[in-house]
2 protein chains.
Amino acid sequence: MAEGRPVNSYSGENLLFLTDEQLRQGIEAMFFAYRGFTADPDRILAGMAYGRAHHRAVHFINRAPGTTVNNLLNILGVTKQSLNRVLRTLIEDGLVESKVGKADRRERHLFLTDEGKALEQTLSDAQRARMRMAFRDAGPDAVAGFRTVLEAMMDKDMRRAFAQLRGNTT
Amino acid sequence: MAEGRPVNSYSGENLLFLTDEQLRQGIEAMFFAYRGFTADPDRILAGMAYGRAHHRAVHFINRAPGTTVNNLLNILGVTKQSLNRVLRTLIEDGLVESKVGKADRRERHLFLTDEGKALEQTLSDAQRARMRMAFRDAGPDAVAGFRTVLEAMMDKDMRRAFAQLRGNTT
DNA sequence: CAGCATACGTCAGCGTTGTTGACATTCCAA
DNA sequence: TTGGAATGTCAACAACGCTGACGTATGCTG
């Protein structure tokens with residue numbers, strides 16, 4: 001890369017801080033940070049017969065108890081076959097309970113059993129511990145910026161899902 | 001979740017902004033944002049016989065031309081067998097060139113061919129476009145916070161690798 | 001009621017990408 | 001010269017995405 005003026009592939013932009021180099025650093029930061037983000041739960045899951053997909057399912061069922069399969073499908077952004085494989089093992093192992101809907105009997109509402117809650121707790125404790133350290137080290141202002149950028153990086157649909165989940169409890 | 005005082009599973013912490021709810025929102029933000037982060041290159045790669053692993057390899061070879069296989073292994077954090085499979089197809093297809101080291105002839109130094117550079121450009125253009133939008137929408141202060149938190153979230157080794165790459169050009 | 005749509009489950013097959021384990025080759029360095 | 005490091009490769013496997021097809025139960029609508 002040549003020295004001199006910062007390179008910006010998006011000419012006409014008057015925001016000088018958006019050099020290609022800055023953007024690439026952001027990209028690499030996302031890559032390395034996501035590795036750290038998943039490392040601790042992955043380590044825990046490695047021992048069991050579960051993987052990251054199980055973690056995600058358990059997380060969001062815990063987050064929105066009674067959610068339907070279809071809803072979960074939209075949040076996770078995978079096919080029903082892919083989710084079903086995960087869900088089936090979780091139900092067989094007694095971590096998740098599937099209840100027929102009252103209003104619409106076609107729907108299945110998903111809940112964590114006590115055992116499922118225990119696993120969720122274990123996994124999210126590990127993940128939260130890292131997040132807490134990072135947030136603490138970075139400070140409240142940085143955390144606000146972090147959240148702002150991440151939200152701007154999401155697809156529109158995901159931003160909606162995120163906001164909806166956020167509104168669930170806040 | 002009960003109402004009242006914010007829950008904080010890490011008692012004794014005097015930083016009130018680190019409630020479990022805040023942490024969980026951070027976790028979910030990472031999940032959804034990472035999906036967006038990879039969506040565009042994934043779409044491009046879906047057509048070809050390549051995947052995300054090829055993207056990563058091409059990215060870091062472009063970032064540090066002449067890097068050795070071992071070095072790349074450490075950055076990517078996968079096994080040599082896994083990387084080799086990807087690297088082999090890239091070399092066969094003429095996107096990557098592998099040169100025997102001069103100082104140490106056991107080492108292979110990796111370079112992108114023109115064709116490889118073209119692919120890297122295409123992929124990183126797409127990814128940068130999203131990053132640029134997010135950065136622009138969020139503003140410089142938020143971007144600084146974003147970077148700070150991400151760096152704090154990395155494993156120590158990854159932070160080192162990240163810093164080293166950053167120092168490469170900055 | 002008939003017909004269509006929706007929600008869910010499942011079977012079969014496939015691709016990418018990660019893993020372990022084992023082994024060969026090349027080559028630097030003590 | 002010999003031990004070990006760096007690399008490449010084969011085989012087998014698991015997790016987790018995908019498509020396509022099909023079946024069942026249920027709900028809605030004309």
Side-chain angles (χ1 to χ4, degrees), chain A residues 31 34-35 38-39 41-61 66-93 96-110 123, chain B residues 31 34-35 38-39 41-61 66-93 96-110 123:
Chain A
F31 171 67
Y34 196 78
R35 284 256 299 280
T38 56
D42 280 0
R43 242 189 306 276
I44 295 171
L45 290 160
M48 324 186 195
Y50 297 138
R52 209 177 284 181
H54 299 85
H55 179 195
R56 291 200 277 259
V58 164
H59 173 95
F60 284 108
I61 294 173
T67 187
T68 64
V69 172
N70 224 358
N71 191 4
L72 196 53
L73 234 42
N74 289 329
I75 288 175
L76 295 175
V78 297
T79 60
K80 65 172 176 174
Q81 294 92 329
S82 209
L83 176 58
N84 189 258
R85 182 168 37 197
V86 165
L87 227 39
R88 199 189 328 168
T89 68
L90 289 173
I91 291 171
E92 278 172 3
D93 296 352
V96 168
E97 204 178 352
S98 165
K99 290 183 183 166
V100 173
K102 283 185 178 175
D104 186 337
R105 290 175 48 82
R106 290 172 304 180
E107 295 179 338
R108 300 300 135 91
H109 297 277
L110 303 170
L123 294 173
Chain B
F31 171 67
Y34 197 77
R35 283 256 299 281
T38 55
D42 280 359
R43 242 189 307 276
I44 294 171
L45 290 160
M48 324 186 194
Y50 298 139
R52 207 177 284 180
H54 299 84
H55 179 192
R56 290 200 278 260
V58 164
H59 173 97
F60 285 109
I61 294 173
T67 186
T68 63
V69 173
N70 220 4
N71 191 6
L72 198 52
L73 234 41
N74 290 328
I75 288 175
L76 295 176
V78 298
T79 59
K80 63 174 177 172
Q81 293 90 331
S82 207
L83 175 59
N84 189 258
R85 181 169 36 199
V86 165
L87 229 37
R88 200 189 326 164
T89 69
L90 290 172
I91 291 172
E92 278 170 4
D93 295 352
V96 168
E97 204 179 353
S98 166
K99 290 182 183 166
V100 174
K102 284 185 178 175
D104 185 337
R105 290 174 49 81
R106 288 170 305 180
E107 294 179 339
R108 300 301 136 91
H109 297 277
L110 303 169
L123 294 172

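Throughout, a chain's letter reflects where its sequence line sits, starting with A, and its residues are numbered from 1.
- No contact: A:His55 has no heavy atom under 4.0 Å from any strand.
- For B:Asp42 and C:dT17, the CG to P distance is 9 Å, given to the nearest whole Å.
- The base of D:dA5 sits within donor-acceptor range of the side chain of B:Arg106, with an N or O pair under 3.5 Å.
- Between the CG atom of B:Leu73 and the C1' atom of D:dG8 there is a distance of 12 Å, given to the nearest Å.
- Residue A:His54 has no polar side-chain atom (N or O) positioned under 4.0 Å from OP1 or OP2 of D:dA15.
- For the pair A:Leu76 CG and D:dG17 P, the interatomic distance rounds to 8 Å; values are reported in whole Å.
- In this entry the distance linking CG of B:Asp104 with P of D:dA5 reads 13 Å, nearest Å.
- Taken to the nearest 0.5 Å, the CZ atom of A:Arg43 stands 12.5 Å off from the CG atom of A:Leu123.
- When the options B:Leu90, B:Thr68, B:Ile61 are evaluated for a side chain to side chain contact (heavy atoms under 4.5 Å, CB included) with B:Leu110, the one that passes is B:Ile61.
- Look at A:Thr79 and you won't find any side-chain N or O under 4.0 angstrom from OP1 or OP2 of D:dG17.
- Contact of A:Glu107 with D:dG27 (side chain to base): no donor-acceptor pair of N or O atoms is detected under 3.5 Å.
- With rounding to whole Å, A:His109 atom NE2 is found 12 Å from C:dG9 atom P.
- Residue A:Ala103 is classed as a sugar-phosphate contact, given heavy-atom separations below 4.0 Å to backbone atoms only.
- Regarding contacts with the backbone of C:dC27, a side-chain N or O of B:Arg105 is found under 4.0 angstrom from either OP1 or OP2.
- B:Arg85 comes within contact range of at least one nucleobase, with a heavy-atom separation under 4.0 Å.
- Rounded to whole Å, the distance from CG on B:Leu83 to P on C:dT19 is 10 Å.
- Between A:Val69 and B:Arg52, the one whose closest nucleotide on DNA chain C sits nearer the 5' end is A:Val69.
- Within the structure, every side-chain polar atom (N or O) of A:Arg108 is placed at least 4.0 Å from both OP1 and OP2 of C:dC8.
- A:Arg35 contributes a side-chain N or O that, together with a main-chain N or O of B:Leu76, makes up a donor-acceptor pair within less than 3.5 Å.
- Look at B:Asn84 and you won't find any side-chain N or O under 4.0 angstrom from OP1 or OP2 of D:dT7.
- Within residues 86-93 of chain A, no residue has a heavy atom under 4.0 Å from DNA chain D.
- Using the six-membered ring where Trp is involved, A:His55 and A:His59 have ring planes that are perpendicular, over 60° apart on the 30 and 60° scheme.
- Between A:Lys102 and A:Gln81, the residue whose closest nucleotide on DNA chain D is further toward the 5' end is A:Gln81.
- Following rounding to the nearest Å, B:Met48 (CE) and C:dG15 (P) show an atom-to-atom distance of 18 Å.
- Note on B:Arg56: every side-chain N or O is 4.0 Å or more away from OP1 and OP2 of C:dT16.
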